[in-house]
Structures are given as C-alpha cells and as structure tokens.
*Asks:* 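Questions regarding the structure given below will be posed in turn.
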Amino acid sequence: MAGLRVLIVGSGGREHALAIGLSESPSVDSIHTCPGNAGTSMLGVNHDVSATDVNTVVELAIELSVDLVVVGPEAPLVSGLSDSLREKGIPSFGPHSEGAELEGSKIYAKQVMEELGIPTAGVQILKSDSDIDSALSRYSPPWVIKRDVLAAGKGVVVTEDFEEASVFIRESISTDGFVLLEEFLAGEEASMLVIMDESGYICLPASQDHKRVGDGDTGPNTGGMGAYAPAPVVTESVRQRVIQEIVNPMHHHLRNQPIPYRGVLYVGLMINDEGAPSVVEYNVRFGDPETQVTIPLIESDLGEMLLAAAEGRIESYHPIFSDKSAVTVVLASEGYPGPSKTGREITGENTRIEEGEIIAFVHQAGTLRDEEEKLLSSGGRVLSATAVASDLPTAVNAAYAIIEEINLAGSHYRRDIAYRAL
Ligand code: AMP
Ligand code: GLY
C-alpha cells in the first residue's frame, strides 16, 4: 500500500513523534493533524479542530478522504471516535469506546484483570460512608489513592503521609462520589506498548517513563517527564512473563469481544525484585513521552503497521526494530504540573545533532506559532529533547546537549532521566 493520506488526532509530543515516524514511512504520502502543534505543522497540515470534538474530526476525515486516522489521546476514544470513523468505513487506529473503557474506568479495568487472573494491586472502593481511617489502616503505607477520572496521570497520589492521604480521599469523594485505595506495589516501573488487533499483536521495545516532577522521583506525579528505551528492567525473562501472564490473556479476551480491539494497548507495569510483573494501569493509546523513544526504534514502515492494525491484519506485518537506545527529556512550563505559565517565547528548538550514529532533535508538544511566526509555549509539557544512539549513555548526553540549547523563561526539566539504567 502506498500513497497513504493519514490524519493524526491530538497535539502533544506523542503526536509529533507519530508524525515524524509516519513522514519517514514510504507508504505515507501526506499527513494531516488536528489540532496539532508547531512541530506537526512542519510535516503536514494542521487543522483547527479539537481532538475531543468527535463529530467534527469525523467530518474532517471524510472531507480529506484519509486512508487512516491515528488517534493520540484517550478522551476521543472513550467518546467513540473510532466507532464513528468505522461506521463511515474509515480505518481508525485506536479502540472502540468499549475497549477504551480499560483506560476510561479503572474499576472496569480491575474487574477485567480479576476475571482473567492478571496480576495487579488489590483495591478498595471508598464512598462517602466509608470509614477512611480504618480503610487506610488496612493497607500499610505508602498509600496509593486514585481518582477514577481521565486526569493525564495527575489523578493519583502516592504518599506515606496519613493526613495527605485522608485529605485527598475526602476531596476526591466529594467531587467524584468515590475513590480507589490501592495496595502499594514495590519495584521498578516499565511501559510496554502492544500493537493489537484480533489477528495478533506486536510488543514494541519496553520503555521507562519518569512520572514524578523532580529528580530522584520526588514531587507530584505528572504526565511524564522523560523516558528511555529499551528499559533493561524488562529482561528477556521478564518480557516472557509479561507476555504469558498479562498480554496473552488480555489479547485472548479482547479478540473475542463482539467488536475487536484495534490499536495500541499500553501496559503500565511494576516489576518486583524477583522479576514478577504486575499491571499498574492500562492505557488504550500510545504513551507520552514513551512514544518519543519507541517510534525511533521502529525501522520498518510505521504507516503500514498502524494501517494493518486498524484493518485487523497485524499478524501479517513483520516489524524490524533497531538495536539502538533512545531517550527523551521533557521541558515543562513554569508551574507544571500545577497551573502553568504559557504564551512565552521559545528559542533554540531547531537545534539538531547528527554525528555518526547519534541523532538528536526536538519533539514539540505544547507549542504554537503566533502571527509573527514566533514560537510560543502553549501547554504544561512544552517539548522534549530526544536522542537516538548506539548506547544509552551517549543518547543521554546528546539529549541533554540539545535541551541546554533551548530557552524558555521559567521552564524546568529533570536532570536524571534514565538514571536507573545508567
Ligand atoms: P496511574 O495513573 O495508575 O498510572 O498511576 C500513576 C503513577 O502512580 C504510576 O505510574 C506509579 O508511579 C504510581 N502508582 C500507581 N499505582 C501504584 C501502585 N499500586 N503501587 C505503586 N505505585 C503506583
Ligand atoms: N507517560 C504516561 C502516559 O502516557 O500515560
């Protein structure tokens, strides 16, 4: 298949990474993004349509006669974007609304895992009449408290502070009616992105995100401050366990649903000291920033791969992966992950390194161009510096060399991305 016209839905660093991967695919002819960012506008056409405005996205896909829609964020999937596209005969990479409930509802995801015997943390649901003190004393600290809402990784508190735990529980119950209190899983985290449809699945190289805002994994949770791949915590034997204990049963379940799951299943993992994996969460989309370090490691045609999954024939696709390492360091606006300052000028984003095996460049995320073509920040996570090299330490050095060239007043980034692997 050649000459594909693709519409990417979303506006983050993930979408810029998808746009780069697709622009390098021989099968892809043109790229459209809605709404996109200043990075995606350099690779195709941005359309001023919100990712969550499902009806207008479908109209746009029809108007552009695209061959494939690739959905970045979860919200439009939960609202049924893929269902509507498929009704119109447009292949969509991303699950239908029921499949998207694996991310849309943490309680539903827990029920499915329980039914299938997939290892995950125990959970208690707390409501207004629950005795919070006795619930907290049932688990030893640290306590893991999760709001069952789509909150871009920010609806979760992990704390050893009893007072902070009870306050977050009370606040969440008052806004949402209930909250989840989870057993704490000790170990090291990893993310496995699995491209899946009813015919089969492909596990992409495992990566590791850095969810906390501060160095040494301190401070509040964020959407992700940096990532690298492959993650050495996922050894070959851990990978085999993840496949046997987690991916296979889930794939078997999803392929037998009335409407099959077509897209990516993001498996958020905790690997304990003995190498036993448990599921921390499922997402129904590519991770951000995991995508920025995973796509560069796919050497075969990304457009063909995503179209194969959208059409239910991934089994016939044979991917080629690079044996290099990739790392990305996120640059965030002042205040992120709290209310952040935007509308500030960015310079240095065109810095690029190409030296032998090293390639390093910027993935844009919360960026836009004003009338004077100045690049401005427009979100909490503004961009990330990504590097690919034959080994991880070289990639880390190159990514930091790029990020030091970027100027954005008040911005911050972690200095220790990939430290667990170095
Ligand atoms: P989630 O939105 O469920 O991915 O949670 C955000 C982050 O909180 C995860 O990436 C982990 O760092 C942490 N976390 C979530 N659940 C647990 C758990 N049961 N045990 C330990 N850490 C957790
Ligand atoms: N980086 C975590 C996520 O995409 O959910």
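In this text, all values refer to a predicted model and were calculated from it rather than measured experimentally. As the structure lists them, so they are numbered: ligands from 1, and atoms in each ligand from 1. We're numbering straight along the sequence, starting at 1.
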*Asks:* Going by distance alone, is a donor N or O of one side chain under 3.5 Å from an acceptor N or O of the other, for Thr40 and Asn46?
*Replies:* yes
*Asks:* Heavy atom under 4.0 Å from ligand 2: found in Tyr266's side chain, backbone, both, or neither?
*Replies:*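 The answer is the side chain.
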*Asks:* Within a distance under 4.0 Å of any heavy atom of Asp209, pick out the atoms of ligand 2 and give their elements.
*Replies:* 1 (N), 2 (C)
*Asks:* Do Ser27 and Ser25 have a side chain donor and acceptor closer than 3.5 Å?
*Replies:* no
*Asks:* Specify side chain, backbone, both or neither for Asn221, according to which of its non-hydrogen atoms lie closer than 4.0 Å to ligand 1.
*Replies:*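 The answer is the side chain.
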*Asks:* Does a donor on one side chain sit under 3.5 Å from an acceptor on the other, for Asp53 and Thr56?
*Replies:* yes
*Asks:* Which of the listed options, Lys211, Glu103, Arg147, Glu281, holds the heavy atom that is closest to atom 4 (O) of ligand 1?
*Replies:*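 Considering heavy atoms of Lys211, Glu103, Arg147, Glu281, the nearest to atom 4 (O) of ligand 1 sits in Glu281.
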*Asks:* Can a side-chain donor-acceptor contact be found between Tyr266 and Glu290 if the only test is distance below 3.5 angstrom?
*Replies:*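 Their side chains do contain a donor-acceptor pair, which is all the 3.5 Å distance test asks for.
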*Asks:* Run the contact test for Ala227 against ligand 2 with a 4.0 Å cut-off on heavy atoms, strictly below, and give the result.
*Replies:* no
*Asks:* Under 3.5 Å between any N/O of Asn283 and any N/O of ligand 2: does that happen in this structure?
*Replies:*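 It does: an N or O of Asn283 is found under 3.5 Å from an N or O of ligand 2.
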*Asks:* Are any of the heavy atoms in Gly224 under 4.0 Å away from ligand 2?
*Replies:* no
*Asks:* Based purely on interatomic distance, does Gly223 place a nitrogen or oxygen under 3.5 Å from a nitrogen or oxygen of ligand 2?
*Replies:*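 Between Gly223 and ligand 2, an N or O pair is found under 3.5 Å apart.
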*Asks:* Provide the number and element of each atom of ligand 1 under 4.0 Å from a heavy atom of Ala121.
*Replies:* 19 (N)
*Asks:* Kindly identify the option in Lys106, Met270, Glu183 whose heavy atom sits closest to atom 22 (N) of ligand 1.
*Replies:* Met270
*Asks:* Any idea how Phe286 and Phe93 line up, ring-wise: parallel (<30°), tilted (30 to 60°), or perpendicular (>60°)?
*Replies:*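 Aromatic pair Phe286/Phe93 classed parallel.
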*Asks:* Can Gln111 and Glu115 be counted as having a side-chain donor-acceptor contact under 3.5 angstrom?
*Replies:* no
*Asks:* Which of the atoms in ligand 1, numbered in the order shown and given with their element, are less than 4.0 Å from a heavy-atom of Lys146?
*Replies:* 3 (O), 15 (C), 16 (N)
*Asks:* Indicate whether any N or O donor in one side chain lies under 3.5 Å from an N or O acceptor in the other, for Ser384 and Thr328.
*Replies:* yes
*Asks:* Just by distance, no angles: are the side chains of Ser411 and Tyr336 close enough, under 3.5 Å, to form a donor-acceptor pair?
*Replies:*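 Not at all, the side chains of Ser411 and Tyr336 share no donor-acceptor pair under 3.5 Å.
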*Asks:* Considering only heavy atoms of Phe184, which atoms of ligand 1 have at least one such atom less than 4.0 Å away?
*Replies:*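 The atoms of ligand 1 under 4.0 Å from a heavy atom of Phe184 are 20 (N), 21 (C).
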*Asks:* If we set the cut-off at 4.0 Å for heavy atoms, which region of Leu185 has an atom near ligand 1: side chain, backbone, both, or neither?
*Replies:*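 It is both parts that get close, each with some atom under 4.0 Å.
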*Asks:* Please could you name the atoms of ligand 1 that Glu182 approaches to less than 4.0 Å, counting only its heavy atoms?
*Replies:*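 In order of numbering, the contacting atoms are 16 (N), 18 (C), 19 (N).
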*Asks:* Working note: Arg262 + Glu198, criterion salt bridge (charged side-chain N to carboxylate O under 4.0 Å, His left out); need CA distance, chi angles, decisive distance, verdict.
*Replies:* CA-CA 7 Å; Arg262 293 178 178 177; Glu198 63 273 33; 2.6 Å; yes
*Asks:* Does a side chain donor of either Thr394 or Asp391 reach within less than 3.5 Å of an acceptor in the other side chain?
*Replies:* yes
*Asks:* Polar-atom distance check: Arg285 versus ligand 2, any N or O pair below 3.5 Å?
*Replies:* yes
*Asks:* Give the numbers and elements of all ligand 2 atoms closer than 4.0 Å to a heavy atom of Gly287.
*Replies:*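 Counting from 1, the qualifying ligand atoms are 4 (O).
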*Asks:* For ligand 2, which part of Glu290 has a heavy atom less than 4.0 Å away: the side chain, the backbone, both, or neither?
*Replies:*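 Within the 4.0 Å criterion, Glu290 contacts ligand 2 through side-chain atoms alone.
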